[in-house]
Protein chains: 2
Amino acid sequence: MHMPAPPNTPGTNPDCRKVNAILSRIGDKWTILTIMMLVDQPRRFNELKRMIGGISQQMLTRTLKALEADGMVTRKVYPTIPPQVEYGLTNLGQSLAVPLIQVGAWVLDHISEIEAHRASYEEEAKRMLR
Amino acid sequence: MHMPAPPNTPGTNPDCRKVNAILSRIGDKWTILTIMMLVDQPRRFNELKRMIGGISQQMLTRTLKALEADGMVTRKVYPTIPPQVEYGLTNLGQSLAVPLIQVGAWVLDHISEIEAHRASYEEEAKRMLR
DNA sequence: CGGTATCCGCGGGGATACTG
DNA sequence: CAGTATCCCCGCGGATACCG
């Protein structure tokens, strides 16, 4: 992105659409969090589920499948009893994790600031009603 | 984030929830793109609409309002005729833009790789059906 | 244990028409 | 120009039950 510093006509940018499509995918409710959980080491299904917390089996399955389709995670099945499945990041996934961690760090750093803004904004909205 | 390298019990992580809530907000369909468009300079409503391309007035309004509530963008009204409104990033918004641009750059760099993965994954899925 | 299958509600998000 | 107001659809995502 950075959209080569358009001194240009601000007409509809076609590149945006494609980038946006990818961003929508990685920006969905669970994807970023899931990737983060795999950065340090591969994890098993229920291990991931516990770490993330609040995600349903189905959504974790869907999220992992989408990431697999995009070449972000690998899925290794050990045919033991009980069965065991390990998910890990591919090189592509690892490379994406780098900037994502930056975003995550930013959120942690500014979370209280954002919440303060929201509170005062709502306060203001209430006052306007009277 | 980075979740202080948990040597710990991988029990439900409460921090995740809050971070995830923020991530969901900035990760929605239009927010990242909108912030990107404001990095270089303030922009007017319809100017933004054209630059982003494919967004409806309503969604742009909603997105900008949410960003305003979070203290990410400022809204300046010039009571001219016709009316004129300029949106710009606050310091908070600018600081968020930094890591977001990294993610955007990553997407641009790897978009073809991802699409290739998706294609071959679908191909594989089709084969399995037979 | 690691998944599918099924059902379902809510809200994200588009389209259109209208207003100051 | 820069929004509201309305209507409506689709699919994200949760809950539950079942399968290998």
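A note on names: the letters A, B, ... follow the listed sequences, proteins ahead of strands, and every chain is numbered from 1. Computation of the quantities below employed the complete heavy-atom set of this structure, encompassing side-chain atoms and omitting hydrogens, waters and symmetry-equivalent molecules. Predicted, not measured: the structure shown is a model, and the values here were computed from it.
- Residues meeting the side-chain hydrogen bond (donor to acceptor under 3.5 Å, both in side chains) test with A:Arg44, sequence neighbours left out: none.
- Ion pairing of B:Lys65 with B:Glu68 is absent here, as no side-chain N (NZ or NE/NH1/NH2) approaches a carboxylate O to less than 4.0 Å.
- Of all heavy-atom pairs spanning B:Leu92 and A:His117, the tightest one is CD2-CD2, 4.0 Å.
- As a whole-Å value, the separation of B:Glu86 CD from D:dG3 C1' is 17 Å.
- Dashed line: the shortest gap from a side-chain N or O of A:Tyr87 to OP1 or OP2 of C:dG3 is under 4.0 Å.
- Over its length, the helix from C:dC1-D:dG20 to C:dG20-D:dC1 turns its helix axis by 50°, as judged from the five terminal pairs at each end, rounded to 10°.
- One can place CZ of B:Arg43 at 16 Å from P of D:dG3, the figure rounded to the nearest angstrom.
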Give the B/S/- string for nucleotides 6-20 of chain C, one per nucleotide from 5' to 3', where a protein heavy atom under 4.0 Å of the base yields B, of only the sugar-phosphate yields S, and otherwise -. B------BBBB---B
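- A straight line from CG of B:Leu60 to P of D:dG3 spans 8 Å, rounded to a whole angstrom.
- Pairing each heavy atom of A:Gly71 with each of A:Thr90, the nearest pair is O-OG1, 2.6 Å.
- Counting non-hydrogen atoms of neighbouring residues, nucleotides and ligands closer than 6.0 angstrom, the CG atom of A:Asn91 reaches no more than 12 such neighbours.
- When the side chains of ILVMFWY residues are joined at heavy-atom separations under 4.5 Å, either directly or via intervening members, B:Phe45 and B:Tyr78 end up in two distinct hydrophobic clusters.
- The stretch residues 65-80 of chain A comes close to DNA chain C through A:Lys65, A:Arg75, each having a heavy atom under 4.0 Å from the strand.
- Distance B:Gln84 CD to D:dG3 C1': 15 Å, rounded to the nearest Å.
- In terms of hydrophobic clustering, with Ile, Leu, Val, Met, Phe, Trp and Tyr side chains grouped at heavy-atom distances under 4.5 Å, B:Ile111 and B:Trp106 are assigned to a common cluster.
- Listed nucleotides D:dT4, C:dT4, D:dA2 differ in distance to A:Thr61; the shortest reach to its side chain belongs to C:dT4.
- Taking B:Thr31 as the reference, B:Asp28 meet the side-chain hydrogen bond (donor to acceptor under 3.5 Å, both in side chains) condition, with sequence neighbours excluded.
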Table please: side-chain donor-acceptor pairs of residues 51-61 of chain B below 3.5 Å, with sequence neighbours left out.
residue : atom : partner : partner atom : Å
B:Ser56 : OG   : B:Met59 : N            : 3.3
B:Gln58 : OE1  : B:Arg62 : NH2          : 3.2
B:Thr61 : OG1  : B:Gln57 : O            : 2.9

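- In this entry the distance linking CZ of A:Arg50 with C1' of C:dG2 reads 12 Å, nearest Å.
- For the residue pair B:Arg75/B:Tyr87, the side-chain donor-acceptor check at 3.5 Å is satisfied.
- Rounded to an integer number of Å, the gap from NZ of A:Lys49 to P of D:dG14 is 10 Å.
- Ion pairing between B:Glu124 and B:Arg127 holds under the 4.0 Å rule for side-chain N and carboxylate O.
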